[in-house]
Protein chains: 2
Amino acid sequence: MPAVKTKRMPRAVREQQMLDAAVQTFGRRGYMAASMDEIAELAGVSKPLVYLYLNSKEDLFSACIRREAKALVDAVRAGARPDLPADRQLWSGLTAFFTHTARNPDGWSVLHLQARTHGEVFAGEVAAMRAEIVAFVTQLILAAARDAHRDPDLPAAEVAGLAEALVGAAESLADWANATPGVTARQAAATLMNFAWAGLGDLMHGRRWVPPADDEGDQQGSTSPVR
Amino acid sequence: MPAVKTKRMPRAVREQQMLDAAVQTFGRRGYMAASMDEIAELAGVSKPLVYLYLNSKEDLFSACIRREAKALVDAVRAGARPDLPADRQLWSGLTAFFTHTARNPDGWSVLHLQARTHGEVFAGEVAAMRAEIVAFVTQLILAAARDAHRDPDLPAAEVAGLAEALVGAAESLADWANATPGVTARQAAATLMNFAWAGLGDLMHGRRWVPPADDEGDQQGSTSPVR
């Protein structure tokens, strides 16, 4: 048993190195242009070993999608702070999301661009992750609305719509932030707070939602500019 | 010359029939599963004629994307009402958008799902249309903010981010509305107004943005439920 264990450990580590190299290559070159030669070289292993471990380019890409989807969902869940008031919860969740997408631009590109551009199987894996995030956000909005006892009757259908709007806006802003030099994760999160929390109506009247000054280092540095 | 003209007219009409059949088939079956046999049969023409007119399945799909992209952009532009106050402008634009996507669910599926799932060339065509809509929305938000003289200094970068957020939210809600029985175009537009104009903050306090009662028939029936 110990012998098996020591044999397996290096494999797990090497697999992660291959996935790191694959995410970087798929994210930057695109799925079609990425070559297994390049991925193997970047991972510092032989191409046959990549095939031995991950089977095919398709399976390697699927493994990348699953790993990056889990990392993103974990980051968003970790950013949830149910103890905070609703606006601070949203701010915390959004900074966690944009910090993760800013720090992992290749992973975000794999999930939001590459996976959806290369066939229904890959797109389906990402759709499942997205549905999980929408369900999570729906619960957060519903809990916030009910806890506040201010609009306990917010219809479930409208909450579902609001969660879709929030997730769609966040996806679009993550693409934009990663493609726009100088836009930090904190700025992207603040833009979405202004949009989604304060609302364009307040914004037009010069009433902005202002990020709290006291949340620096609030959650492992996620609120400080990351680029 | 007149002879050429009468010869061309039926071709243009028949081409539109083929495109109608192709949009319906691609939108419902998906790009891969859609067959040229099925498209020709639905259009009431022979398969060789479809190839003669549109050349290949790829070219036919590209023609569908271009036609549906133009129709969507035209619908959104037609919904712009620069004479109205900013909130009514947004309401008018959103109802035009959701009315179009609700009335043309196959066209929306081609643009937002199929085109992005089947390779970089098709995805690129949709990205160009999306960039045009984002630029248009950016100008609307900028003009509204400046005209109001309330926040004339709203930074251009933040306006660009707000436009991305609004477009991303609208895309996500259009998918959701078309997939959710009983959600009308007007309801989807009202949800996005609550989200983007009133803001979640106001919504949590029970302050909703209420669609104006007097806009029925405001713009060719686009504000009435379409399903």
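In what follows, chains are A, B, ... by sequence order, proteins preceding strands, each numbered from 1.
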Among B:A115, B:A123, B:A163, B:A165, single out the residue with the greatest number of heavy-atom pairs under 4.5 Å to chain A.
B:A165
Could you grab the distance from atom CD of B:E164 to atom CG of A:D175, nearest 0.5 Å is fine?
7.5 Å
Check whether A:Q187 gets within reach of chain B through its side chain, its backbone, both or neither, counting any heavy atom under 4.5 Å.
neither
Under 6.0 Å from the CZ atom of A:R67, do we count more than 12 heavy atoms belonging to anything else shown?
yes
Okay, A:L166 and chain B: the region with an atom under 4.5 Å from a heavy atom over there is both
Surrounding CD of A:E41 (heavy atoms of other residues, nucleotides or ligands, distance under 6.0 Å), is the total greater than 12?
no
Please look at B:A160 and chain A and tell me whether the side chain, the backbone, both or neither of the residue comes under 4.5 angstrom of a heavy atom of that chain.
both
Just verifying a value: how many Å separate B:L173 CG and A:L162 CG, rounded to the nearest 0.5 Å?
8.0 Å
